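Labels below follow one simple rule: chain letters A, B, ... track the order of the sequence lines, proteins then strands, and each chain is numbered from 1. It should be emphasised that the depicted structure is a prediction, and the values quoted were computed from it without experimental measurement.
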Number of protein chains: 2
Amino acid sequence: MAPRPASKTAVPSDKAGVICRALRRAIIEQALAPGAKLPEDSLGERFGVSRTIARHALGQLAAEGLVELRRNRIAVVATPSWQEARDAFDIRIELERLVVRQLAGKLTKAQIAELNAHVDAEDRARDGSDAVSIRLATEFHILLANMTNSPILVRYVSEVAYRCCLTLSLYSRPHSSECAINEHRAIIAALVKGDEAKVMSLMHSHLDSVASRALVAPAPPRGRDLLDILAPYAEEGESERVVKLPKMVRAR
Amino acid sequence: MAPRPASKTAVPSDKAGVICRALRRAIIEQALAPGAKLPEDSLGERFGVSRTIARHALGQLAAEGLVELRRNRIAVVATPSWQEARDAFDIRIELERLVVRQLAGKLTKAQIAELNAHVDAEDRARDGSDAVSIRLATEFHILLANMTNSPILVRYVSEVAYRCCLTLSLYSRPHSSECAINEHRAIIAALVKGDEAKVMSLMHSHLDSVASRALVAPAPPRGRDLLDILAPYAEEGESERVVKLPKMVRAR
DNA sequence: GACACTCAAAGTGCATGCAATTGAGGCGCA
DNA sequence: TGCGCCTCAATTGCATGCACTTTGAGTGTC
């Protein structure tokens, strides 16, 4: 396949993009835990812009599924359910198989070097915080997606990878990243060798093992609030926030 | 798999959502052709809201890839390249295989009836405009995705299906929808029967045939403007709008 | 007649202001 | 003490205003 022109950045404005990236990173590094509040004016003040821009950034992140926007309420970092996490991983597996299928045997020397450098960085970060390790592992996959030069694929893989990253912070036991790094190296090797079937199965089992290590139990382990725990007992899902614990049915 | 609670609407505000849906529909029905201008204040005036809201809606649609936002310039309906269209279809195939895999043999009677009713509607619309046929065909796939009750999957399938719909208006020869309708019926039948392998291959070949009927030629066939046609001849892609026809290099 | 330059009109980028909604603490009452 | 109501600060929803950028039509020059 002929090399395509590099994708132009899809970022619409500018300042909002900065805030987006900052928040995204804070979220996936767990500096902002799921459920954390994100008031528009605090954000605006922190980044030196008006609420308008902060609001715009929150809208973007909501579209990506990283924050939840509820009408007239403070935006919060998303708290995906266990099932949503499972779904995200399922989608991610398919998308990333597509990535490596397109890439097998087509990497340039420079790209191979870039990938190896990234895994080396993952290696060096192994002693640091788990959060950084997780972020780097995620970014390895995004780096791969970028090499397809397919803007749509990049966007979807990035989004779903960030979502998965977010769920890791909710449902994962303390992360041991060593094996993931080895698997990354194996994927690079298979890509270079050009063995399409091999690399697809490697990627599949890699993500599958990450998912199964991460999504250990369907029960919400921590950081969930009462309403979420009680949700399965609610009568009808559509009313959203029916119970209040001792008394209830505060219908309106 | 146990039935999950219905997905809550991800629409952040409200009025912006209305505009989004209206524009989305206008775009996929080709009332708004690729390249059509979408000035914020015209939009706001048309829908009785301020520019702020119109802008927000445009931001959403840009995130979905249906409109293009360029700094300080009027937003336009997106004009995907042929390669992007190809990529979108590739992704779509994988995602929809996921959909039918989850659905095979698990449809309720009500869902089966709903699907059949939709295909009947497609049938009735066969004499109408091509645009409506295409929209209905697209909505069949979104209807399927909805039945997975996986909000993430629904969102991605919807987005990518709309994008494909948009490319159809750019690259497709006049659409004959009859075969698509039959294929939809076959997919329903296989889903009901619960034959997972069969339904996945049906969906694959269905989308593949749509894609190959649609993406007939890599050359932009119609409705493109001079600049796009000349784009392959430009020296460096990053400068964006270098030529002006007789004289050029209006660098700034 | 074609090119270059100028300038006003149109449009976006962003901040701010006002109204409406929320939810949390305080107060009264049993 | 416990429960419910009420009020008010905090926060969002949205419109508007000002500054800056782009556009393209008109004008002058060769």
Looking only at C:dG11, C:dC14, D:dC14, the nucleotide nearest the B:Ile74 side chain is C:dG11
Spacing of B:Glu45 atom CD relative to C:dT12 atom P, expressed in whole Å: 13 Å
Between A:His56 (NE2) and D:dT12 (P), how many Å, whole number? 17 Å
By nearest-heavy-atom nucleotide on DNA chain D, the more 5' of A:Thr52 and A:Ala75 is A:Ala75
Send over the distance from B:Asn72 CG to D:dT21 C1', rounded to a whole Å. 5 Å
Report the residues that fulfil salt bridge (charged side-chain N to carboxylate O under 4.0 Å, His left out) with B:Arg92, sequence neighbours left out, ordered by chain and then residue number. B:Glu96
Closest approach to the side chain of A:Pro39, judged atom by atom: which nucleotide of D:dT11, D:dC14, C:dG13 is it? D:dT11
In whole Å, what is the span from the CZ atom of B:Arg71 to the P atom of D:dT23? 14 Å
For a quick test of reading the model: is some side-chain N or O of B:Arg73 closer than 4.0 Å to OP1 or OP2 of D:dT23? yes
I need the CD1-C1' distance between A:Ile53 and C:dA15, as an integer number of Å. 8 Å
Measure from CD on A:Glu40 to P on C:dC14 and round the result to the nearest Å. 16 Å
Atom-pair distance (CG on A:Asp41; P on C:dA15), nearest Å: 13 Å
Could you go through the side chain to side chain contact (heavy atoms under 4.5 Å, CB included) check for A:Lys15 and A:Val18 one step at a time? CA-CA 5 Å; A:Lys15 302 199 193 175; A:Val18 173; 5.5 Å; no
Can you tell me how far the CD1 atom of B:Ile74 sits from the CG atom of B:Leu58, to the nearest 0.5 Å? 11.0 Å
Between atom CG in A:Leu58 and atom P in D:dG13, what is the gap in whole Å? 10 Å
Report the distance from atom CZ of A:Arg55 to atom OG1 of A:Thr52, rounding to the nearest 0.5 Å. 8.5 Å
Given A:Glu64, which partner from the list A:Arg21, A:Arg163, A:Arg155, A:Arg24 fulfils the salt bridge (Lys or Arg N to Asp or Glu O under 4.0 Å) test? A:Arg24
Which distance, rounded to the nearest 0.5 Å, do you find between the CG of A:Leu61 and the CD1 of A:Ile27? 6.0 Å
Relative orientation of the end axes in the helix from C:dG1-D:dC30 to C:dA30-D:dT1, expressed as an angle to the nearest 10° (five pairs per end): 0°
Presence of donor-acceptor pair under 3.5 Å, side chain of B:Arg55 and base of C:dG11: no
On DNA chain D, compare the nucleotides closest to B:Lys37 and B:Gly48; which residue's is nearer the 5' end? B:Gly48
CD of A:Glu139 to NE2 of A:His118, rounded to nearest 0.5 Å, is 5.5 Å
